[in-house]
Amino acid sequence: MKKNIVILGSTGSIGTQTLEVIDALDNNFNVTALAAGSNISLLSEQIEKYKPKSVSVKTNEDAQKLKFKYPDLNVYWGEEGLSELAQIEDANLIMVALSGKHGLKPTLKAIENKKDIALANKETLVMAGDMVVHKAKEYGVKILPVDSEHSAIFQCLNNQKALKYLILTSSGGPFRNKSYEEIKKADIKSVLNHPNWSMGKKITVDSATLMNKGLEVIEAHHLFNIDYDNIKVVIHPQSYIHSAVEYCDGSIIAQIGKPSMHIPIQYALTYPDRLEGIETESFDFTKAVKFEFYEPDYDKFPSLKLAIEAGKCGGTATTCLNAANEESVLSFLAGKIKFSDIYDITKKVYDSYKPILNPSIEQILSEDDKIRKQTIELINSIVGVK
Ligand code: MG
């Protein structure tokens with residue numbers, strides 16, 4: 001029987017690669033619904049090719065245009081549109097490939113409607129990990145990781161009781177070999193030029209500050225129920241070892257593959273099966289590239305340290321970290337602030353924040369909102385002074 005898939009974020013990097021995986025395995029999946037932001041031309045192509053029953057877009061205006069063009073299609077819009085798609089009755093799996101804060105609410109809605117989730121949006125777990133994981137358990141919902149490191153761990157982890165360490169690998173980003181002074185002055189173009197991975201803009205900026213790795217430590221803590229002290233970060237510039245687990249008997253199991261998102265996306269879609277999809281060429285060990293490993297430089301990349309600190313603090317500390325970082329990244333991408341301001345602003349907002357330790361979902365959402373406003377105010381005050 002075919003699996004019915006809903007893709008939230010279908011025109012983004014993970015969304016388009018999800019559709020490529022589906023193309024290669026098209027006897028196995030139906031595309032039931034697609035949600036996009038404002039890339040209506042690409043969404044229209046996807047509608048014509050995959051014939052979903054429902055779509056959702058960012059604005060009512062775009063929704064009306066699509067409704068006019070495709071009268072038989074159910075067209076939704078805005079935050080409510082995403083929630084609608086997350087609870088479509090015949091959906092078997094919801095791919096959450098939205099950027100930043102937009103992932104949380106539809107993920108919760110999908111869980112409440114007992115839909116399994118392929119989670120590409122790590123911010124959902126950084127904002128509200130305890131709540132999301134607890135709810136998923138309560139409703140018997142699987143959260144299948146799409147983030148390559150977490151997919152790697154998921155594939156290696158067959159004995160939770162014997163787990164000692166998670167080893168999260170990081171390419172080190174585009175500035176691994178740059179000096180602190182050079183990094184501080186980095187422009188948008190060099191920040192967006194990641195050596196190994198092609199990704200959306202927000203995550204690419206996070207990869208340059210290594211905040212991405214910090215968010216992934218928090219994500220791993222929630223997904224695999226492991227203490228922060230038992231998560232190690234290792235710089236591995238070749239990005240072939242996607243992450244590893246170490247068991248109490250000293251055995252380490254790592255997942256190896258080419259740096260391509262198709263593999264983790266496909267595994268989340270086909271789990272527990274493995275199918276022959278896009279990646280068919282074998283990794284040739286005899287022609288193997290050199291595998292290097294280094295300790296992360298926490299002084300050069302203080303965002304990584306800050307994220308781990310927020311994780312250890314728990315509660316809404318990570319909600320604050322995520323909100324301040326995301327608003328700073330968006331301001332950097334808009335050309336408002338310098339690259340080094342991303343960390344400085346995030347740190348300033350974080351340091352002045354008093355976290356709530358066992359927050360409700362309403363508290364998380366209102367804290368998130370409050371912190372974003374504070375961050376934008378701080379940015380505006382800095383920009384005004386300059
Ligand atoms: Mg990752």
Side-chain angles (χ1 to χ4, degrees), residues 9 12-18 21 95-100 103 107 117-127 129 132 143-157 166-176 191-224 226 228 231-245 254-269 271 279 293-294 296 301 303-304 307-308 311 318 321-322 325-326 329:
S13 174
I14 297 291
T16 52
Q17 293 182 83
T18 301
V21 167
M95 165 63 81
V96 182
L98 298 159
S99 175
T107 299
I117 288 159
L119 188 65
N121 175 267
K122 61 181 65 98
E123 288 85 348
T124 290
L125 292 174
V126 177
M127 288 170 79
V132 170
I143 299 179
L144 302 157
V146 175
D147 210 345
S148 61
E149 296 78 359
H150 305 75
S151 173
I153 291 164
F154 182 58
Q155 294 178 60
C156 298
L157 190 56
L166 297 183
I167 299 127
L168 273 182
T169 55
S170 161
S171 70
F175 303 140
R176 185 173 63 86
V191 170
L192 292 181
N193 187 21
H194 195 279
N196 300 359
W197 299 95
S198 157
M199 306 172 287
K201 281 184 185 171
K202 196 265 171 178
I203 181 174
T204 306
V205 177
D206 283 344
S207 297
T209 57
L210 292 202
M211 176 59 89
N212 183 54
K213 205 51 54 183
L215 301 181
E216 287 181 351
V217 169
I218 300 166
E219 181 184 15
H221 162 81
H222 290 296
L223 278 175
F224 305 112
I226 186 165
Y228 283 98
I231 303 174
K232 299 177 184 177
V233 176
V234 176
I235 305 295
H236 166 48
Q238 291 77 20
S239 295
Y240 271 85
I241 295 182
H242 296 137
S243 278
V245 304
Q255 189 256 349
I256 302 177
K258 290 189 174 161
S260 156
M261 285 310 293
H262 286 134
I263 301 172
I265 290 170
Q266 181 170 308
Y267 192 60
L269 259 53
Y271 175 83
E279 304 284 335
F293 304 96
Y294 305 99
F301 300 102
S303 297
L304 175 58
I308 295 170
T318 57
L321 173 91
N322 183 66
N325 175 63
E326 191 172 332
V329 169

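Order of listing sets the numbers, starting from 1, for every ligand and every atom in it. The residues of the chain are indexed from 1 along the displayed sequence. As the structure is a computational prediction, the values presented were derived from the model and not from experiment.
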| query | Do you know the tightest heavy-atom contact between Thr169 and Ile241? | reply |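 Taking Thr169 first and Ile241 second, the nearest heavy atoms are OG1-O, 2.8 Å.
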So which of the N, O or S atoms of [X] lies nearest the Mg ion (ligand 1)?
{"X": "Glu149", "result": "OE1"}
{"X": "Asp147", "result": "OD1"}
{"X": "Glu216", "result": "OE2"}

| message | So if I apply the side chain to side chain donor-acceptor pair (under 3.5 Å) rule between Glu149 and each of His242, Lys213, Lys122, which one comes out positive? | response |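 By the side chain to side chain donor-acceptor pair (under 3.5 Å) criterion, Glu149 pairs with just one of His242, Lys213, Lys122: Lys213.
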| is_close_aromatic(Phe154, Tyr271), centroid dist under 6.0 Å |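 Here the rings of Tyr271 and Phe154 have centres that are less than 6.0 Å from each other.
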| said: Looking at Lys201, I want to see if its NZ is surrounded by more than 12 non-hydrogen atoms of other residues, nucleotides or ligands under 6.0 Å. | reply: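 No - once you tally the heavy atoms of other residues, nucleotides and ligands closer than 6.0 Å, there are 12 at most.
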